[in-house]
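Worth saying up front: this structure is predicted, and the values here are computed from it rather than measured. In what follows, residues are counted from 1 in the order of the sequence shown.
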Amino acid sequence: MQDSPTDRRHCIGLPLPPDALVFDRGVVEGGLRPGERDWFLRERQAWMTESGCRSDDPDDLVNAHKIPVEPSRWVQFPELPFDSDESLLSVSRRDMTDRAQRRDDDRWLSLLVASMAWGWGRKGFGPTRLRWILDGNSRWKALPRTETRRRLATAVDTLDRHGAVAAYGYLAGDERIPGFGPAFFTKFLYFADRAAGGQGCSLILDARLAWQMRGFWRRRVAEPYTANGPSPDWLWRGPVWTGRRYQIYLAFMGRVAAELSESGERWTPDLVELLLFRRRLSEA
């Protein structure tokens, strides 16, 4: 991928899959409700205050998002790109993007380790999960490291050539890395995309964000287009979502960012994602 961090591509307007359900099409094309729109506007201001970010630019607001990481929990992995002498690091999305831009032989394996550490933060069994991914366990056999590196590099190349949905399909399909599911490989793809200037083209999708999507779909169950359609719980069940579901997610997030930008204030899909990740959207 060519590094062009100053040439940001914000993917607003990704189309729905041609075979999208009537329910999905109705939600995405219908846009936000007034209460939801007001929630996003409040949350943006609240995040600007809480983060201490002095800029209202959406890229700066996203870059200000930090996760506490304890390097000592991950020191067993030599690919960890963080300073293991530090007891606690506050790692921002900007820091993660900078690390993804470094060029070395273990660039993408290092990003896998970093995205796991960043995603788990200070809690959870993340180091154990990563060990299972790299070395296997009683449920699955790990790939040779050379093959893991190849698949990660191929995923990034697919992202560059064919976009986020194709890269998602690659890592969720026959070439998947055992144990490396969407909640974390979408973080990997997101930072790889940002490193090449594609901020907002590939978005993180995990259980917390899927819960938020269920909320948007649930708030519309009385609409005519939902008649005889599947339940929101079924549509957004995890922990593995289809490539089509991921495309619907990206289309919705882009639609939200475009609608919020109509007021004259610039929004990006990953700012929408960040605000939804931070706090649950109450019934609006």
Do [X] and [Y] sit within salt-bridge range, that is, some charged N less than 4.0 Å from a carboxylate O?
{"X": "D38", "Y": "R42", "answer": "no"}
{"X": "E29", "Y": "R220", "answer": "no"}
{"X": "R278", "Y": "E273", "answer": "no"}
{"X": "R93", "Y": "D59", "answer": "no"}
{"X": "R266", "Y": "D56", "answer": "no"}
{"X": "K66", "Y": "E50", "answer": "no"}
{"X": "D98", "Y": "R102", "answer": "no"}

Any side-chain heavy-atom pair from [X] and [Y] closer than 4.5 angstrom?
{"X": "Y170", "Y": "H162", "value": "no"}
{"X": "R145", "Y": "L134", "value": "yes"}
{"X": "F277", "Y": "Q212", "value": "no"}
{"X": "R245", "Y": "D24", "value": "yes"}
{"X": "R279", "Y": "L275", "value": "no"}
{"X": "P232", "Y": "V221", "value": "yes"}
{"X": "R151", "Y": "R176", "value": "no"}
{"X": "V156", "Y": "R107", "value": "no"}

Classify the ring geometry between [X] and [Y] as parallel (under 30°), tilted (30 to 60°) or perpendicular (over 60°).
{"X": "Y168", "Y": "Y246", "value": "parallel"}
{"X": "F40", "Y": "W267", "value": "perpendicular"}
{"X": "F180", "Y": "F188", "value": "perpendicular"}

Report yes or no: does [X] contribute a side-chain atom to a donor-acceptor pair with the main-chain N or O of [Y] at less than 3.5 Å?
{"X": "Q247", "Y": "P15", "answer": "yes"}
{"X": "E70", "Y": "L89", "answer": "no"}
{"X": "D206", "Y": "L209", "answer": "yes"}
{"X": "R33", "Y": "R219", "answer": "yes"}
{"X": "R129", "Y": "G179", "answer": "yes"}
{"X": "W241", "Y": "W236", "answer": "yes"}
{"X": "R194", "Y": "T97", "answer": "no"}
{"X": "N137", "Y": "W132", "answer": "no"}

Six-ring centre of W211, R280 cation under 6.0 angstrom, axis tolerance 45°: yes
Please report the closest heavy-atom contact between W108 and A192, naming both atoms and the distance. CZ3-CB, 3.8 Å
For C201 against A164, the heavy-atom pair lying closest together: O-CB, 3.3 Å
Decide if the gap between the ring center of W118 and the ring center of F184 is smaller than 6.0 angstrom. no
S92 versus D95, side-chain donor and acceptor atoms under 3.5 Å: yes
Consider only side-chain N and O atoms of D60 and S55, and report whether a donor and an acceptor are under 3.5 Å apart. yes
Output the distance between atom [atom1] ([X]) and atom [atom2] ([Y]), rounded to the nearest 0.5 Å.
{"X": "L112", "Y": "R149", "atom1": "CG", "atom2": "CZ", "result": "11.0 Å"}
{"X": "L235", "Y": "R214", "atom1": "CG", "atom2": "CZ", "result": "10.5 Å"}
{"X": "F23", "Y": "W234", "atom1": "CZ", "atom2": "CH2", "result": "12.0 Å"}
{"X": "L260", "Y": "R255", "atom1": "CG", "atom2": "CZ", "result": "9.5 Å"}
{"X": "M253", "Y": "I248", "atom1": "CE", "atom2": "CD1", "result": "14.0 Å"}
{"X": "K187", "Y": "L205", "atom1": "NZ", "atom2": "CG", "result": "9.0 Å"}

Stepwise side-chain contact (heavy atoms from CB on, under 4.5 Å) test for V75 and L80: CA-CA 7 Å; V75 71; L80 182 70; 5.6 Å; no
How far apart are the C-alpha atoms of R44 and L61, what are their side-chain angles, what is the distance that settles it, and do they pass the side-chain contact (heavy atoms from CB on, under 4.5 Å) test? CA-CA 9 Å; R44 179 173 178 147; L61 289 170; 3.8 Å; yes
